[in-house]
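Everything numeric here is computed off the predicted structure, so don't read it as measured data.
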Amino acid sequence: MTDDPDALAGELPAGVRIRNLRESDAERLGAAYQRNHDHLAPWEPVRAPEFYTPEGQGANIRGKLGMFAAGTGVPWIMLADGRAVGAMTLSGIVRGPFLSANLGYWVDRDYNGQGVGTAAVAHVLDAARTALGLHRIQAATLPHNTASQTVLRRSGFQEIGLAPDYLRIAGTWQDHVLFQRILHPPVQGSNRD
């Protein structure tokens with residue numbers, strides 16, 4: 001894992017920049033979650049009111065930065081004109097023979113359909129492969145979240161199954177479609193060559 005969080009930054013379409021999350025992002029991230037509350041509510045856990053405040057986001061960010069320091073997660077923020085317009089997170093990073101992580105993300109409603117999500121996923125996959133040395137990334141979507149599934153498929157993810165009652169989203173345990181992306185070609189001599 002890199003010690004320089006700015007090494008994982010980049011430019012995306014529609015004037016959006018992606019970089020690692022910082023404690024100083026609490027206010028702008030809280031504002032983005034407030035602005036996108038109705039847009040995100042069907043796809044996310046039920047959030048306490050304080051989640052949408054700068055203080056709540058400060059606590060959330062400190063937790064994610066703790067994962068970054070421990071080497072178990074990498075949080076990114078997407079910015080346009082100084083506003084937060086989305087987030088990406090690699091979580092549950094496992095080393096050893098697995099070299100895997102889970103991908104989660106959201107994009108501001110005003111930036112949907114502009115290629116921002118697909119470009120951000122590509123950026124994170126490149127960082128996962130090159131800077132983090134990971135082999136596999138997993139993502140999960142609700143079965144009816146076709147927009148997110150399209151982003152994942154465009155990014156080379158393959159559907160690998162259905163997980164019943166996988167996550168509690170919008171107050172209900174819901175099934176999720178599981179996807180994975182293998183980042184490295186198979187090693188010669190493996191059962192996949």
Side-chain angles (χ1 to χ4, degrees), residues 10 12-14 16-18 21 25 28-49 51-52 56-57 60-61 63-64 67 72-80 83-94 100-129 134 136-183:
L12 305 175
V16 176
R17 178 164 174 71
I18 187 169
L21 193 59
D25 292 321
R28 69 177 57 128
L29 199 54
Y33 273 113
Q34 287 176 20
R35 193 172 62 249
N36 284 277
H37 179 272
D38 292 343
H39 168 63
L40 296 175
W43 318 113
E44 295 212 332
V46 174
R47 308 283 192 187
F51 178 84
Y52 301 93
Q57 280 307 300
N60 182 43
I61 290 169
K64 289 183 177 188
M67 290 187 330
T72 61
V74 182
W76 283 269
I77 187 169
M78 292 180 270
L79 302 165
R83 292 186 332 158
V85 296
M88 293 272 183
T89 304
L90 285 178
S91 62
I93 294 175
V94 178
S100 184
N102 295 299
L103 173 66
Y105 60 91
W106 64 271
V107 177
D108 188 292
R109 67 176 180 258
D110 293 337
Y111 286 81
N112 278 317
Q114 298 181 48
V116 173
T118 300
V121 169
H123 178 86
V124 168
L125 292 176
D126 183 60
R129 179 180 38 252
L134 298 178
R136 177 184 176 275
I137 304 298
Q138 180 172 305
T141 73
L142 290 164
H144 56 282
N145 189 346
T146 56
S148 191
Q149 291 171 20
T150 298
V151 167
L152 293 172
R153 286 188 175 101
R154 282 183 186 153
S155 302
F157 280 78
Q158 295 178 321
E159 185 176 327
I160 58 171
L162 180 72
D165 295 337
Y166 185 67
L167 290 173
R168 190 174 173 119
I169 299 295
T172 305
W173 288 103
Q174 297 195 45
D175 298 350
H176 278 65
V177 180
L178 302 179
F179 292 84
Q180 75 173 5
R181 168 75 192 271
I182 302 299
L183 301 175

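For Q34, the side chain to side chain contact (heavy atoms under 4.5 Å, CB included) partners two or more places apart in sequence, or in a different chain, are Y52. Considering only residues two or more places apart in sequence or on other chains, D175 meets the side chain to side chain contact (heavy atoms under 4.5 Å, CB included) condition with P143, L162, P164, D165. Evaluation of the side chain to side chain contact (heavy atoms under 4.5 Å, CB included) rule for Q180 yields R136, I160, I182 as partners, not counting sequence neighbours.
Within the 4.5 Å cutoff, the side chain of V124 has heavy atoms near those of the I18 side chain. Residues W106 and E44 are in side-chain contact: their nearest non-hydrogen atoms beyond the backbone lie under 4.5 Å apart. Two residues are said to be in side-chain contact when any heavy atoms from C-beta on lie closer than 4.5 Å; I77 and L29 meet this criterion. Proximity of T72 to S91: side-chain heavy atoms (C-beta onward) are nowhere separated by under 4.5 Å. By the 4.5 Å heavy-atom criterion applied to side chains, R153 and E159 are counted as neighbours. Residues L103 and L90 meet the side-chain proximity criterion, which asks for heavy atoms closer than 4.5 Å.
Without hydrogens or angle criteria, Y105 side chain to S148 main chain gives a donor-acceptor distance under 3.5 Å. Looking at N36, its side chain does come within 3.5 Å of a backbone N or O of R109 through a donor-acceptor pair. Remark: side-chain polar atoms of Q114 are not paired, donor with acceptor, to backbone N or O of A14 under 3.5 angstrom. Between the side chain of Q149 and the main chain of H144, no donor-acceptor pair closer than 3.5 Å is present. Between the side chain of R181 and the main chain of S155, a donor-acceptor pair closer than 3.5 Å is present. A donor-acceptor pair is defined here as one N or O able to donate and one able to accept, closer than 3.5 Å; such a pair exists between the side chain of H39 and the backbone of V107.
Here the CG-CD distance, from L142 to Q174, works out to 5.0 Å after rounding to the nearest 0.5 Å. Rounding to the nearest 0.5 Å places CG of L152 at 11.0 Å from CG of L178. Atom CG of N145 sits about 9.0 Å away from atom OG1 of T150, to the nearest 0.5 Å.
Among all heavy-atom pairs drawn from A101 and I93, the shortest one is CB-CG1, 3.7 Å. Nearest approach of I169 to W43, heavy atoms of both residues: CG2-C, 3.4 Å. Nearest approach of M88 to A120, heavy atoms of both residues: CE-CB, 3.1 Å. Of all non-hydrogen atoms in A170 and V46, the two that sit nearest each other are C-CG2, 3.7 Å. Contact detail for I137 and L134: the closest heavy-atom pair is CD1-CD1, 4.0 Å. The minimum heavy-atom distance linking L183 with R129 is given by the pair O-CD, 3.4 Å.
The aromatic rings of Y33 and F51 lie perpendicular to each other, with more than 60° between the two planes, well past the 30° mark. Using cut-offs of 30° and 60° for the angle between ring planes, the W76 and H123 rings count as perpendicular.
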**Message:** Determine whether V116 and V85 satisfy the following criterion, side-chain contact (heavy atoms from CB on, under 4.5 Å), listing intermediate values before the conclusion.
**Reply:** CA-CA 10 Å; V116 173; V85 296; 5.6 Å; no
